[in-house]
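What follows is a set of notes on a single structure, which appears directly below.
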Amino acid sequence: MLRTEFIRNNTELVKKGLIKRNWSEDRCAILEEVITLDDQRKKIQTSSDSLLHEMNLLSGQIGDLYKSGRREEAEVLKAKVGELKENSKELESKLKEAVDNIEAKLLTIPNVPNELVPFGNSEEENEVYKDWTEALPDLGDNALAHWELAEKYNLIDFKLGVKIAGSGFPLFRNKGSKLQRALINFFLDEASKAGYEEVVPPLLVNAPTATATGNLPDKEGQMYVAERDELYLIPTAEVPVTNIFRDVILNEADFPQKLTAYTPCFRREAGSYGSDVKGLNRVHQFDKIEIVQIAHPANSYDVHQEMLDHVEGLLQKLELPYRILRLCGGDLTFTSALTYDFEVYSAGQKKWLEVSSVSNFETYQSNRLKLRYKNSEGKKQLAHTLNGSALALARIIAAIFENNQTEQGIKVPAVLVPYIGFDWIN
RNA sequence: GGAAGAGUGGCAGAGCUGGUUUAAUGCACCGGUCUUGAAAACCGGCGUACGUUAACGCGUACCGGGGGUUCGAAUCCCUCCUCUUCCGCCA
């Protein structure tokens with residue numbers, strides 16, 4: 001969420017950002033509306049506060065009068081305060097209305113994109129920031145898709161998943177499940193080596209937590225809900241891990257905060273059907289290792305680069321062909337200022353699969369989280385939050401299956417052999 | 001799940017028969033005096049958010065969250081949450 005004061009002082013800058021996100025000139029009028037509403041709010045608060053002040057004074061006098069036994073005079077004042085109270089209640093509800101109104105509008109305003117974010121309407125216009133320069137693997141017409149390989153080698157049972165839960169809930173088995181476990185351990189070890197503290201967070205979160213990361217109220221349809229207990233299944237570890245820092249005030253010496261977590265992720269993916277959902281391409285439950293950093297505003301983009309390097313290193317170690325995209329304004333997540341997507345080429349389907357998204361949210365999340373730090377003057381400032389997938393498993397598995405298929409089976413990437421204990425899946 | 005008790009400022013801890021509480025006091029922290037320096041002692045300061053002001057300052061709200069009673073609530077009532085102890089159940 002942007003701060004009202006920020007919008008007030010940087011209206012043109014915010015407007016430029018919205019236009020990069022393909023907002024129309026008319027739609028940008030919301031910025032002026034917020035400012036006008038905030039002006040009104042200030043006026044209401046001023047009169048409300050002074051009325052309360054008056055009532056407080058009179059109440060004090062009533063107390064004094066009672067003590068000195070002057071009951072009649074006290075009664076007169078009581079009647080007077082009673083009248084003021086009517087007005088006060090009215091002002092109070094107006095104030096609440098104004099505040100709620102402003103907040104509701106702020107929630108519909110996305111983050112201001114970084115200067116580097118290219119213009120564009122959709123994912124087709126994302127900028128290829130770093131392309132794969134070697135030849136892409138060409139396995140000919142006999143190359144199988146990962147769901148065919150999964151069946152051939154008995155690695156994933158999609159039908160059993162349907163029986164037990166429904167479509168989009170794959171059941172990994174045999175060497176398929178071992179590969180999954182190996183990847184989790186590999187990614188967590190790499191994150192630890194890079195200085196991230198490992199945490200195991202709750203997989204269900206409460207409403208305040210889901211609200212702080214922006215999953216509520218507008219993205220409610222994306223999450224599974226345990227209604228009876230008012231808990232939400234996490235769509236990503238970002239939600240519980242970032243909330244570690246809700247209502248936290250750090251010291252400058254506390255930077256950077258680096259956390260990593262392995263969790264399953266649950267996504268309803270309502271409304272997405274078709275060839276994209278085949279096999280592991282888009283599922284309701286998948287495993288992911290997330291990296292999160294809380295950074296000082298002065299160097300959060302260095303931190304961003306560090307995280308990109310980390311993810312890139314993982315893909316290199318797995319020997320997978322990848323490219324990095326810089327998301328355009330039209331494809332940029334609501335809360336992000338700058339996002340890079342990592343895509344892995346999957347030779348069986350002959351397409352690029354998104355396996356990681358690394359974003360800098362600047363203060364957009366921390367404003368809602370109330371995540372601040374004390375600067376050298378002792379003043380409280382909002383910190384920057386960043387996160388990225390390192391990495392999302394299901395599609396990595398799909399890519400390994402497809403790219404590493406040979407006549408004698410699927411070759412396990414060398415870096416995983418110590419984790420998994422065998423060289424071939426066959 | 002049942003019963004009882006408790007949640008107060010960075011920490012500890014009063015207040016909880018409603019009105020000099022603008023939340024006592026201690027510790028911690030910051031500034032000063034003293035000292036070669038430090039400690040001790042003494043003096044002063046010490047929360048957050050919002051509004052208002054050129055500024056000093058002033059005002060409002062906040063004693064787990066929300067609601068209520070009252071002219072007035074940390075204090076009384078309702079409700080939810082959390083913690084502690086005991087019982088039950090259980091990996």
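Protein chains get the first letters and strands the later ones, always in sequence-line order, with residue 1 at the start of each. Quick note: numbers below take in every heavy atom, side chains included, and nothing from hydrogens, waters or symmetry partners.
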Next item on the list: If the plane angle is over 60° it's perpendicular, under 30° parallel, otherwise tilted; pick one for A:Y364 and A:F334.
Entry: perpendicular
Checklist line | Whether A:F169 and A:H284 hold their rings parallel, tilted or perpendicular, with breakpoints at 30° and 60° | finding: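 Correct class here is tilted.
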Notebook entry, point to check: For nucleotides 65-70 of chain B, read 5' to 3', which letter fits each nucleotide if B means a protein heavy atom sits under 4.0 Å from the base, S means only the sugar-phosphate is that close, and - means neither?
Noted result: -----B
Margin query: I need a per-nucleotide contact map over nucleotides 45-64 of chain B, read 5' to 3'. Cutoff is protein heavy atoms under 4.0 Å; write B for the base, S for backbone only, - otherwise.
Written below: ---SSBSS------BSS---
Distance between [atom1] atoms of [N] and [M] (Å, rounded):
| N | M | atom1 | result |
| --- | --- | --- | --- |
| B:rG88 | B:rC62 | P | 44 Å |
| B:rA24 | B:rC16 | C1' | 14 Å |
| B:rA38 | B:rC30 | P | 13 Å |
| B:rG19 | B:rG10 | P | 25 Å |
| B:rG18 | B:rA73 | P | 13 Å |
| B:rC11 | B:rG5 | P | 26 Å |
| B:rU20 | B:rU60 | P | 15 Å |
| B:rC76 | B:rU17 | C1' | 11 Å |

Pair [X] + [Y], salt bridge at N-O below 4.0 Å:
| X | Y | value |
| --- | --- | --- |
| A:R8 | A:E5 | yes |
| A:R41 | A:D38 | yes |
| A:K288 | A:E290 | yes |
| A:E190 | A:K193 | yes |

Checklist line | salt bridge (Lys or Arg N to Asp or Glu O under 4.0 Å) contacts in which one or both residues fall within residues 232-259 of chain A, not counting sequence neighbours | finding: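 Non-adjacent pairs meeting salt bridge (Lys or Arg N to Asp or Glu O under 4.0 Å): A:K258-A:E306.
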Give a yes or no on whether the backbone of [Y] and the side-chain of [X] come within a donor-acceptor separation of less than 3.5 Å.
| X | Y | result |
| --- | --- | --- |
| A:K175 | A:I420 | no |
| A:N367 | A:L382 | no |
| A:T260 | A:Y196 | no |

Next item on the list: Please check if the distance between the ring centroids of A:Y373 and A:F255 is under 6.0 Å.
Entry: yes
Next item on the list: Counting Watson-Crick and G-U wobble pairs whose two distances are both under 3.5 Å, find the runs of 3 or more in a row that involve RNA chain B.
Entry: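 So far as stems of 3 or more pairs are concerned, RNA chain B shows B:1-7 with B:81-87, B:10-12 with B:25-27, B:29-33 with B:41-45, B:47-52 with B:57-62, B:64-68 with B:76-80.
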Next item on the list: Using distance alone, with no hydrogens and no angle criterion, decide if A:H146 and A:E402 have a side-chain donor and acceptor under 3.5 Å apart.
Entry: yes
Notebook entry, point to check: Taking side chain as C-beta onward, heavy atoms only, is A:R395 less than 4.5 Å from A:L280?
Noted result: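 A:R395 vs A:L280: side chains apart.
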Item checked: Student check: side-chain heavy atoms of A:S359 and A:L338 closer than 4.5 Å ->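 No, every pair of side-chain atoms sits at 4.5 Å or beyond.
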Next item on the list: Can you establish whether the number of heavy atoms outside A:E230 located under 6.0 Å from its atom CD is more than 12?
Entry: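 At most 12 heavy atoms, drawn from other residues, nucleotides or ligands, come within 6.0 Å of this atom.
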Checklist line | Stacked cation flag A:R21 on A:W23, 6.0 angstrom / 45 deg | finding: no
Margin query: From CG of A:L84 over to C1' of B:rG72, roughly how many Å is that when rounded to an integer?
Written below: 13 Å
Please enumerate all protein N or O atoms sitting under 3.5 Å from an N or O of nucleotides 75-80 of chain B, with distances to 0.1 Å.
none

List every contact pair, protein side and nucleotides 19-23 of chain B side both N or O, where the distance is under 3.5 Å.
| from | atom 1 | to | atom 2 | distance (Å) |
| --- | --- | --- | --- | --- |
| B:rG19 | N2 | A:S59 | O | 2.8 |

